[in-house]
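Throughout, protein chains are lettered first and strands after them, A, B, ... in sequence-line order, and every chain is numbered starting at 1. Worth knowing before you read on, the calculation uses all heavy atoms, side chains too, and leaves out hydrogens, waters and symmetry mates.
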Amino acid sequence: MSSTPVRVRIAPSPSGYLHVGTARTAIANLLFARHYEGAFVIRIEDTDKERSKAELIEPITDALKWLGIESDESLVYQSQRLNQYGQYAGKILDAGHAYRCFMTAEEIEAERKLARQEKRNPDYRTPSLSLSEDEIHERVAANVPHTIRLKIPNGETTFDDMVSGHLKKANVDLEDLVLARSDGTATYNLAVVVDDHEMGISHVIRGNDHITNTFKQVLIYRALEWEPPVFGHLPLILRPDKKKVSKRLGDKDVNEYQKEGILPEAMFNYLCLLGWSPKEDREVFTVPELIERFTEKNFNASNAVFDEEKLLAINKAHIMLKSDHELATLVAPLLVEADLTTKYWLETRWEYLRHVVGLLKERVTRLDDFPAQSGFFFQFDYTYDEKAAGKHFTPEAAEYLKKLYERFASLSRFDAESLEKTLSDLADELGVKRAKLIHPTRLAVSGVPVGPSLYHMLQVLDQRVVLERLEKAIEHIQKQNS
RNA sequence: GACCCCAUCGUCUAGUGGCCUAGGACGACGCCCUUUCACGGCGUAAACACGGGUUCGACUCCCGUUGGGGUCACCA
């Protein structure tokens, strides 16, 4: 690593949502900055006036914030720097590295078509440079619309990429790109170079779909006699059909994963593994652990398919990493939202919530699974699963439950251990398998045939509730069979 | 089409010339644990795209082929 201080940026354009590719790039930049104790800045590339509305930017910064990513400095808006760029196009022009191009859109299109037919690059230079100084001055004075094009030099353009190594391109494969539009504003490539230079950006880490731009930008740096930053082009994130992820093709934005109960830590963890590897037999990490490990040496060059199954597995792992208290804090609003209980009720019974969450967490994949699986902990009016009831709510089960009710009612300590012993003893006395008691009991207190360990579940529900529910189930069975 | 990037199990990857009869994870399958569902444990199937070199020796280096991806705007 060079000794210059690390300053990196991400440069999203206002799209109204954060897609996983941008999120991954943000994560990589943040981790890189933190690892080298540098700065991380967000710059909004909104030079396209039609797309510079706040409502298209906020969803992006909000989603980044959710992931724990915020700019170390105030946000930079390219739109507010628009008039900074003009002078640089002029500077390049004065230095003889660019020229004024008076070709009309039709002429350009015709030239492109012809060039394509003749299998060569389009030539904007000959018609433009054949003009004399006087002719050019005349047209400029008369406000004849024109662009300023970079004069691509002979030779080849190279740079050393942190991901792909030494990259080079023959300049004949590059065409004279527009630096300044006919209205005087800078195009993307000029603006990026100027901004990165003026912001003191040391490393540009972005998707490898930018490689072609990088060759052009390196040429602009040279024309301006500036030292280019170090580049790193990360592999792209692909959909299962191997196409680049995009909202247009129906891919989710980061916000949707949030709504589906994915933890930000899990998203962060998973995304950073796409295009980078800790090179260990381990892949669940906290952010500090990632910061410690994240260096350019571990970058990967090949594109990666986004696998939701794996994201889910990582999510599950991060849920297990959280304390019951932390999880309760995250789950509480979801329970209220699902109308299972109220904020007030939970606040007065936080211990209870913590126990419920602790009981459920190892059989949950997403945060949404908590409200989906915990209804009976908060509501009494559940119905019995029909199939399970048909199987377990038999007349004899009612008799067993009655006996169990009596035993449970007389217990002074209502904990998992004594509950298990009580139930086992009863089963032995009755000469039946424990399952004969366990299944109807589970169904009676929860309404469903699956769930956490029965005894722990009973303990959390508590004696009064358990007895009520057993009674209700007994009545239900008797009604069914009368 | 041109140019650029890439190429190990279905997917994410480890591997930097001999440690590889190729390791891990997700997923799949089986077994164990277990009242259920999970968790956990154990195990099975599953890959070096192909062809040439270089070398005593290639997954590892070079070249080519094939395949995949990306970029080709006065959009960013």
Side-chain angles (χ1 to χ4, degrees), chain A residues 11-15 44-48 50-51 78 101 103 105 108-109 112 115-116 119-122 145-149 161 163-165 167-170 172-175 177-189 191-192 207-216 233 235-236 238 240 242-244 270 273-284 298 300-314 316-317 320 360-365 369 373 388 392 420 423 427 433-443 446 448-455:
Chain A
S13 53
S15 59
I44 307 294
E45 314 246 286
D46 55 352
T47 52
D48 180 2
E50 306 193 350
R51 288 197 284 159
Q78 270 190 340
C101 172
M103 289 172 81
I108 287 171
E109 200 177 318
R112 282 210 181 107
R116 204 178 163 77
K119 290 186 177 272
R120 58 170 175 84
N121 282 307
H146 64 279
T147 59
I148 295 176
R149 281 184 189 275
D161 190 87
V163 179
S164 292
L167 261 30
K168 67 176 169 192
K169 188 171 189 123
V172 290
D173 291 322
L174 258 14
E175 64 168 63
L177 62 140
V178 172
L179 297 175
R181 303 185 183 103
S182 47
D183 66 0
T185 60
T187 56
Y188 169 75
N189 281 302
V192 166
N208 73 20
D209 49 345
H210 277 281
I211 290 180
T212 325
N213 282 326
T214 303
F215 289 109
K216 298 174 189 171
H233 291 91
L236 263 22
L238 271 25
K242 301 283 173 77
K243 293 274 176 254
K244 187 166 99 163
Y270 177 66
L273 255 22
L274 262 25
W276 177 85
S277 163
K279 300 192 189 288
E280 291 175 46
D281 283 351
R282 202 192 137 183
E283 43 199 6
V284 176
N298 296 359
N300 271 111
S302 51
N303 293 172
V305 172
F306 187 94
D307 181 5
E308 276 202 25
E309 295 270 14
K310 184 111 179 195
L311 203 215
L312 253 22
I314 302 249
K316 182 179 255 181
M320 293 295 273
L360 253 28
K361 76 172 176 185
E362 63 186 31
R363 67 205 67 232
V364 128
T365 303
D369 294 334
Q373 292 180 23
H392 301 300
E420 179 164 11
L423 189 141
K433 285 188 164 183
R434 294 192 307 167
K436 284 282 180 198
L437 300 182
I438 286 168
H439 288 295
T441 305
R442 169 184 295 286
L443 192 58
S446 74
V448 287
V450 299
S453 148
L454 177 67
Y455 310 109

If we take the [atom1] atom in both [N] and [M], what is their distance in whole Å?
N	M	atom1	answer
B:rA47	B:rA28	C1'	16 Å
B:rC3	B:rA45	C1'	42 Å
B:rU60	B:rG1	P	28 Å
B:rG52	B:rC12	P	28 Å
B:rC72	B:rG15	C1'	36 Å
B:rU71	B:rC29	P	37 Å
B:rG43	B:rG57	C1'	34 Å
B:rU65	B:rG27	C1'	33 Å

Look at all strands and tell whether [X] reaches a base, only sugar-phosphate, or nothing, counting heavy atoms closer than 4.0 Å.
X	answer
A:K244	sugar-phosphate
A:K243	sugar-phosphate
A:E283	base

With a 3.5 angstrom cut-off on both distances, give the Watson-Crick or G-U wobble partner of [N], or none if there isn't one.
N	answer
B:rU44	B:rA28
B:rA58	none
B:rA49	B:rU65
B:rA38	none
B:rA2	B:rU71

[X] side, atom [atom1]; [Y] side, atom [atom2] - distance, nearest 0.5 Å:
X	Y	atom1	atom2	answer
A:T214	A:D161	OG1	CG	7.5 Å
A:N121	A:R112	CG	CZ	11.0 Å
A:L179	A:I148	CG	CD1	7.5 Å
A:D307	A:L273	CG	CG	11.5 Å

Does B:rC74 have OP1 or OP2 sitting under 4.0 Å from an N or O in the side chain of A:R112?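 Yes, A:R112 has a side-chain N/O under 4.0 Å of OP1/OP2 on B:rC74.
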
ask   = Does B:rC39 have OP1 or OP2 sitting under 4.0 Å from an N or O in the side chain of A:K316?
value =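 Affirmative; the distance criterion is met.
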
Practice item. May I have the step-by-step check of side-chain contact (heavy atoms from CB on, under 4.5 Å) for A:E45 and A:V192, ending in yes or no? Key: CA-CA 9 Å; A:E45 314 246 286; A:V192 166; 3.7 Å; yes

Which class fits the ring pair A:H392 and A:H439: parallel under 30°, tilted 30 to 60°, perpendicular over 60°?
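A:H392 vs A:H439 ring planes: parallel.
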
More than 12 foreign heavy atoms under 6.0 Å from NZ of A:K436: is that the case here? no

How close or far is atom [atom2] of [N] from atom [atom1] of [X], stated in whole angstroms?
X	N	atom1	atom2	value
A:D281	B:rA22	CG	P	16 Å
A:E175	B:rG1	CD	C1'	15 Å
A:H210	B:rA76	NE2	P	12 Å
A:F306	B:rC12	CZ	P	13 Å
A:L238	B:rG67	CG	P	18 Å
A:L236	B:rG70	CG	P	7 Å
A:L274	B:rC26	CG	C1'	12 Å
A:L311	B:rG27	CG	C1'	14 Å

Between the base of B:rA76 and the side chain of A:N213, is one N or O donor paired with an acceptor at under 3.5 angstrom? yes

Please state whether the base of B:rC39 and the side chain of A:R363 form at least one donor-acceptor pair under 3.5 Å?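 Such a pair does not exist between side chain and base.
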
What N/O pairs connect the protein and nucleotides 3-10 of chain B at under 3.5 Å? Give each pair on its own line.
residue	atom	partner	partner atom	Å
B:rC3	O2'	A:K169	NZ	2.6
B:rC5	O3'	A:S164	OG	3.3
B:rC6	OP1	A:S164	OG	3.4

Between A:T185 and A:D183, a side-chain donor and acceptor under 3.5 Å =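 The answer is yes; a qualifying pair exists.
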
Check every atom of B:rC26, B:rU11, B:rA76 against the side chain of A:A313 and return the nucleotide holding the closest atom.
->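 Among the listed nucleotides, the one closest to the side chain of A:A313 is B:rC26.
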
Task: Upstream residue (5' side of RNA chain B) when A:R149 and A:L273 are each assigned their closest nucleotide - done: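 Looking at RNA chain B, the more 5' nearest nucleotide goes with A:L273.
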
(Q) Nearest heavy atom decides the nucleotide; on that basis, is A:K216 or A:R116 closer to the 5' end of RNA chain B? (A)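 Here A:R116 is the residue nearer the 5' end.
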
Can you name the closest pair of heavy atoms from [X] and [Y] and give their distance?
X	Y	value
A:L274	A:A304	CG-CB, 4.0 Å
A:K242	A:L238	O-CG, 3.3 Å
A:H233	A:I211	CG-CG1, 3.6 Å
A:P235	A:N208	CA-ND2, 3.6 Å

Return the polar atom pairs (N/O with N/O) between nucleotides 15-18 of chain B and the protein under 3.5 Å, or none.
residue	atom	partner	partner atom	Å
B:rG15	OP2	A:K279	NZ	3.2

Once base and sugar-phosphate atoms are separated, protein heavy atoms under 4.0 Å mark nucleotides 29-35 of chain B, 5' to 3', with B, S and - as ------B

Query - Partner of A:D46 by side chain to side chain contact (heavy atoms under 4.5 Å, CB included), out of A:P12, A:P14, A:S13 - result: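 Answer after filtering A:P12, A:P14, A:S13: A:P14.
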
*asked:* Taking A:P452's backbone N and O only, do any of them form a donor-acceptor pair with A:R442's side chain (distance below 3.5 Å, no angle check)?
replied: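 A pair under 3.5 Å: yes.
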
